[in-house]
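Written below as structure tokens is the structure these notes are about.
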Amino acid sequence: MKTGTSALALATIALATTVACSSDDSSKKDVTVTIVAYESFTPPEGIFDAFTNETGISVRVVAAGDAGEMIAKATLTAGNPEGDVMWGVDNTLLSRALDADVFDPYVSEVDGLDPDLVATAVDVVTPVDYGDVCINYDVERLEQLGIDPPTSFEDLTLPEYRGLLVTPSALTSSTGLAFLLGTIADDPDGWQQTWSDLRDNDILVVGGWYEAYYTEFSRYGGDRPLVVSYASSPPAEILFADPPLPDGSPAPTAVVTSTCFRQIEYAGVLRGSKHVEEARELIDYLVSPTFQESMPESLFVFPANERATLSDTFTTYVQPVTDPLVMDSATIASSRDAWLEEWDAIVG
Amino acid sequence: MPSSADLSTAGRGRLFAVPGLVMVLALVIVPVAVLASRTFDSASLLGVWSRPGIVDAIGFTVVETIVSTLVTVVLGLAPAWALSHHSMPGHRFALAVTTVPFMLPTVVVGAAFLGLLPGSVERGLVAVVIAHAYFNVAVVIRTVAPVWATIDPMLVAAARNLGASRSRAFVSVTLPLLKPALWSAVAIVGFMCATSYGVVRMLGGGDATLEVEVYRRAILFGDIAGASTLAVAQLVVAAICLFVWVGKDRVVFTESGHRSRRRDHPVARVVAVIATMLTVAPLIALFLSSIRSRGHWTLAGWRLLTSDSDVPGLRVDLSDVLFRSLWFAIIAAVIAVPVGIATSTFAAAARRTFLDRVLLLPLGASAVAVGLGLVITYDSAPFDFRSSWWLPPVVHAVVALPFVIRVIQPVQSRIPEHLRSAAATLGASPLRVWATVDVPLISGAIRTAVGLSLAISLGEFGATSFLTRNDTDTLPIAVEQLLGRSGDLARLAGHGVAVVLLLATLVALAFTTRSRHSWSAS
């Protein structure tokens, strides 16, 4: 089999005119460190130049799929990784990476890291950002309907909110899963009742976030004024509005802050990396204020470093989530499958 | 008794079969097997079947596949008839347009399609079947129409003269002659529906196919052992189906003289127009969603895509992505078409359809398992191809291969052997015979094959979305990225890239599809 494979490889190489060759030079001035990331990791262009100038280490970003797909691949390639640093494993997935021994121990000690975000009893990853999954609502549509925005999960089970909410499925969407975890964190013993009430109240469950937001949400032509999305969606609705909104006009959508479930993303050095020292330096740079300050506008998440200053455009429009629902990754790991099966039985 | 000349042709042909087989083995079967063996544990081998949802998924997959395939084939007969009996202005356009949905990633067209479904159609079996019919009707048109066009109208006329009704003539004359093409269509459509992921995830409501279950187990539950058990089972069932089909789907041998004259037929025209309009409606809806926002016409999305202005968070370099996609598509075609020709040469010489069936297997494999399998199969030097830039286009080529073969093989198998013998008798070497006899006769089919494999590569969003890329976004991936963000501009630009993908596909198909040579040529 291997010979067949190599024949194919040779044929393909012969066909190709240019084949990228990686340099094996291990002198520090000529090292390239590779970040493995999910597909939507889009830092500003040139953001790594400062790091390269200072350390001589070049940075390459390789990406594919969403965070779940990235972790599935990382667990399969543990010890023989596709790069040196992984960006973006979150608290709903971290335990899978830990179980598979994906990381090499290192936690950055950069000044200003929010201690609340550091994973407890874990010495292999450093928090890099956080964001929240929350119920968003269409301000104008709720006004037209003469309904006040809900303020809690329980509100959503009331008759006046019947048929108003759409969510991506927890079985096919990480956003949907985060929302489910939020309801569990909110009421660990009664969440099943909440969900059967939600089902009786005609909640719509769709495949992914795109269908929920862009086809069923009333702001985009659907008939559901409540949708499970992100705390960063309302600022994006203002910044990306077309036609642009007049200055000072209120946000067209808003967030029910009591329903927000916190997703914390981490970065770590991949076990098996040939450039562990350089990879650690890069982790330090990823949580330095220079890099962290670029994140709200390019990734729509909040920096994990409290010393990073947020730009006006972002802080003006974002609703602060002061008391988010949280759940540590060990709890998620031990119960996720059982919860999903229970949830499927209630909603499916 | 085969003559010795025939045997030597078959012997030589065996060599031609090697590249295609190697590709399918190396890029589909071995990766799935490696994934399964690497993650094997006996507990999940049996345990996974008792997981909630699995039995339902198997049931739904079977029901959905049978119903979708039947509906698609039956619905496809009308446009197949119209396009085979009729050369009207815009024939080529109609053929290209009805093929486009099959080529595009379902997420893109699926959303537009969803918007056009009447509100009364609930998510579930009905919506899934309608969508499958929409996406796959091209397979029926492209497979059946060319064969239909070669049926001698005198046969039907004779039956009618002998007193058969229209329907009787259809059932007892036309249908038997169409049978091989119909089986071929059933095989492809069946595979596409059985392994459907995007459509079922979007429209299935709570229902899932086995393919969706593989994704859930591997990605959401992190149970890769369970997922690969399911994926192997799916591949085995696909292989069994292929063996059952081998006997049924014979290459059609029609003497080339029997091509029917294309008469203008008003009903055919109406059918073709309706089919085209039904296909086009979601595509127009897609275009509109790139230029319309909140009741206003706007070019903001297109400006974002075509100017250098860098909106934070919506960075996309359209020309860069477009050229990379085209480059990948060209590589895929450069691999798939010669391999397809070689395979067809073998199959034509050996008069065998077995190989052709084996090369259909990639369509029955789980994209998730193939994607993960590729990552762990080619992971150590000197075979560490994981982030090689050329891996995605090579995988595209495997996906395109069965379609390329379907286009070329029927034409090649119909080249009368005496033409080759005559050339050989006059002293031409085998290569010369091939170049002067075969190539000119299959050139139209080659052109079609190039178009199809370009289009398939442009839109591929299955296994390759798992391959880690070094700054190598393709059009479907750019669409996915933009449509993963909130806000009008993200939505406009995302749909804009989808329109670019649509147009690129349409151009690839229209410029390479001659009205007479289609999927399998006439």
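The figures that follow rest on heavy atoms only: side chains count, while hydrogens, waters and symmetry mates do not. We name chains A, B, ... by the order of the sequence lines, and we start the count at 1 in each one. Just so you know, these numbers come straight off a predicted model, no measurement behind them.
Within the 4.5 angstrom heavy-atom criterion, only side-chain atoms of Leu204(A), from C-beta onward, approach chain B. Of the two parts of Leu220(B), the backbone and the side chain both hold a non-hydrogen atom closer than 4.5 Å to a non-hydrogen atom of chain A. Proximity to chain B (any heavy atom under 4.5 Å) is shown, for Pro244(A), by neither the backbone nor the side chain. Looking at Leu340(A), the atoms closer than 4.5 Å to chain B (heavy atoms on both sides) all sit in the side chain, from C-beta outward. Interface remark: Ser169(A) contributes no atoms to any contact with chain B (heavy atom separation under 4.5 Å). Proximity to chain A (any heavy atom under 4.5 Å) is shown, for Leu21(B), by neither the backbone nor the side chain. With a threshold of 4.5 angstrom between heavy atoms, Pro235(A) does not approach chain B through any atom at all. Residue contact with chain B, scored on non-hydrogen atoms closer than 4.5 Å, involves the side chain of Asp66(A) exclusively. Heavy atoms closer than 4.5 Å to chain B are found in both the backbone and the side chain of Glu39(A). In this structure, chain B has a heavy atom under 4.5 Å from the backbone of Ala170(A), while its side chain stays farther away. Proximity to chain A is limited to the side chain of Val212(B), based on heavy atoms less than 4.5 angstrom apart.
Ring centroids of Phe328(B) and Trp390(B) are separated by 6.0 Å or more, keeping the two rings apart. With ring centers used as reference points, Tyr230(A) lies 6.0 Å or more from Phe300(A).
When Arg485(B), Arg491(B), Arg216(B) are compared by the number of non-hydrogen pairs under 4.5 Å with chain A, Arg485(B) comes out ahead. Interface check for chain A: of the options His296(B), Arg38(B), Gln481(B), Arg294(B), the most heavy-atom pairs under 4.5 Å are formed by Arg294(B). When Met70(A), Glu237(A), Arg336(A) are compared by the number of non-hydrogen pairs under 4.5 Å with chain B, Glu237(A) comes out ahead.
Proximity of Asp384(B) to Glu82(A): side-chain heavy atoms (C-beta onward) are nowhere separated by under 4.5 Å. With contacts defined as side-chain heavy-atom distances shorter than 4.5 Å, the pair Arg224(A)/Asp202(A) qualifies. Considering only heavy atoms from C-beta on, Val214(B) stays 4.5 Å or farther from Tyr197(B) through its side chain.
Judged by distance alone, the side chains of Asp138(A) and Ser218(A) do bring a donor and an acceptor atom under 3.5 Å apart. No hydrogens or angles considered: a donor-acceptor pair under 3.5 Å links the side chains of Thr39(B) and Ser228(B).
Ring pair Tyr38(A)/Phe41(A) is perpendicular by interplanar angle, where above 60° counts as perpendicular and below 30° as parallel.
Counting only distance, with no hydrogens or angles, the side chain of Asp84(A) and the backbone of Thr34(A) share a donor-acceptor pair below 3.5 Å.
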